[in-house]
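Report on one structure; see the data block that follows.
From a predicted model like this one, the values you see are computed outputs, not experimental measurements. Each chain gets a letter, A, B and so on, in the order its sequence line appears, and its residues count up from 1.
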2 protein chains.
Amino acid sequence: MEILELESFLPYRLYRLADSVSREFSKIYSDRLGLTRPEWRTLSGLGQRGTMTATALGEQSAMHKTKVSRAVAELERRRWLTRTPNENDRRVEHLALTKAGLAAYREMVPLAKAFERELLARLSVEERAAIVSGVAALERALEGKSR
Amino acid sequence: MEILELESFLPYRLYRLADSVSREFSKIYSDRLGLTRPEWRTLSGLGQRGTMTATALGEQSAMHKTKVSRAVAELERRRWLTRTPNENDRRVEHLALTKAGLAAYREMVPLAKAFERELLARLSVEERAAIVSGVAALERALEGKSR
DNA sequence: TTTCAATGGTTACAAATGAAACCAGTTTGG
DNA sequence: CCAAACTGGTTTCATTTGTAACCATTGAAA
């Protein structure tokens, strides 16, 4: 009978790997700042780009709009971001970090970079190149088709 | 000010990629058999190994024991698996697929393999080698440390 | 204009999840 | 023996998630 070896099945391995990395990383923003993943991504997107609409945030960070909506609401509650209505189109709001939000972002950036660095430091030069280019290749392969 | 580029941040890319692949693949077992991911993994684990305990299932397929418990309950409800109490240790149950469960498994295996094949077919030989060895390298790097 | 489809964003509801408490049963150390 | 401490597995409860319905506004078409 034909069997499937789960441990070698790429979708499974990929998911498991991502999950485990993400879980590890989440300790940083969760333990430290009490953020959820959508909240962290929102903080990160706004920190990086300055000002964005909720839709743009969702596109940049691959989040469903309800996730964005809730994350934004929570960060607003903490007074880490503010909304500014768009003059021309009153459906749209521009989101930006406050001083406090920016401070949190600034605290996170070096931690995130260190995390990534340390993760990659456990690999050899070739392995690092392999994972980076392999991921990039799969990303390209999925463009359009998925999502 | 130091910023973090989310789109290049490995944990994010990995998660996004895995999520997208997994979502795509889930259509197969979800649309076709109405299974959730934990259920699919349970089916797959038992199909592959024949008989397992819930704990073993959780280890093999990286699932929390509550997920396993619920997935097993659902597959049992469908009469796709049966439980047999362990003689020596009455806390333990051995799980195995029924005829119907096996039939579902047999239906899934070629689909899963085709999915993986088609995904990899979009990559060049080098890219395929890169993703496979990169993932393997990261898996090794995480052994022990995480989870 | 008025209507109708589309868009930005929020909300309501149901399902999936994780943490912790729990219930057997089992082992270990006095 | 007997009382912890432990283990396999389930259940409860609070939180997170996704889908779909929704509201307000805008743009396009008639």
For residues 45-70 of chain B, which residue pairs qualify under ring pair (Phe, Tyr, Trp, His ring centres under 6.0 Å), counting only residues two or more places apart or in two chains?
none
Can you list the steps and then say if B:Phe9 with A:Phe25 is a ring pair (Phe, Tyr, Trp, His ring centres under 6.0 Å)?
CA-CA 11 Å; B:Phe9 186 52; A:Phe25 178 58; 5.1 Å; yes
Check this for me, if you would: do [X] and [Y] make a salt bridge, where the nitrogen-to-carboxylate-oxygen distance has to be below 4.0 angstrom?
X: B:Lys27; Y: B:Glu24; value: yes
X: B:Arg70; Y: B:Glu74; value: no
X: A:Glu127; Y: A:Arg122; value: no
X: B:Arg16; Y: A:Glu139; value: no

Take A:Thr66 and A:Asp19, find for each the nucleotide of DNA chain C with the closest heavy atom, and name the residue whose nucleotide sits nearer the 5' end.
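Per heavy-atom nearest nucleotide, the more 5' residue is A:Thr66.
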Nucleic acid contacts - residues 89-98 of chain B versus DNA chain D, non-hydrogen atoms under 4.0 Å:
B:Arg91, B:Val92, B:Glu93
Walk along DNA chain C from 5' to 3' and tell me the first and last nucleotide with an atom closer than 4.0 Å to a non-hydrogen atom of chain A.
C:dA6 to C:dG18
I want to check one thing: is the phosphate of [N], taken as OP1 and OP2, less than 4.0 Å away from some side-chain N or O of [X]?
X: A:Lys67; N: D:dG18; result: yes
X: B:Arg70; N: D:dT11; result: no
X: B:Arg83; N: D:dT10; result: yes

For B:Asn88, answer base if it contacts any base atom (sugar-phosphate contacts may also be present), sugar-phosphate if it contacts only those atoms, and nothing otherwise; contact means non-hydrogen atoms under 4.0 Å.
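Result for B:Asn88 = sugar-phosphate.
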Taking salt bridge (charged side-chain N to carboxylate O under 4.0 Å, His left out) as the cut-off, I'd like each qualifying pair that reaches into residues 34-57 of chain A, sequence neighbours left out, listed once.
A:Arg49-B:Glu7
Starting at CZ of A:Arg37 and ending at P of D:dT16, how long is that distance when rounded to a whole Å?
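To the nearest whole Å, that distance equals 12 Å.
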Minimum heavy-atom separation for A:Leu120 and A:Arg128, please, with both atom names.
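In terms of heavy atoms, the two residues are closest at O-NH1, 2.8 Å.
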If you define the side chain from C-beta out and look only at heavy atoms, does anything of B:Leu35 sit under 4.5 Å from B:Leu75?
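Yes - at least one pair of side-chain heavy atoms lies under 4.5 Å apart.
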Kindly say whether B:Arg23 contributes a backbone atom to a donor-acceptor pair with the side chain of B:Ser26 at under 3.5 angstrom?
yes
Let's see if you get this right: which residues in residues 45-54 of chain A place a heavy atom under 4.0 Å from DNA chain C?
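Listed by number, they are A:Thr53, A:Ala54.
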Hey, which of these two, A:His64 or A:Glu87, hits DNA chain D nearer its 5' end, going by closest nucleotide?
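Between the two, 5'-proximity favours A:His64.
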Residue pairs passing the side-chain hydrogen bond (donor to acceptor under 3.5 Å, both in side chains) test with at least one member in residues 97-109 of chain B, sequence neighbours excluded, are B:Arg32-B:Glu107
Compare the minimum distances between each of D:dG18, D:dG8, D:dT16 and the side chain of B:Thr55, then state the nucleotide with the smallest one.
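Selected nucleotide: D:dG8.
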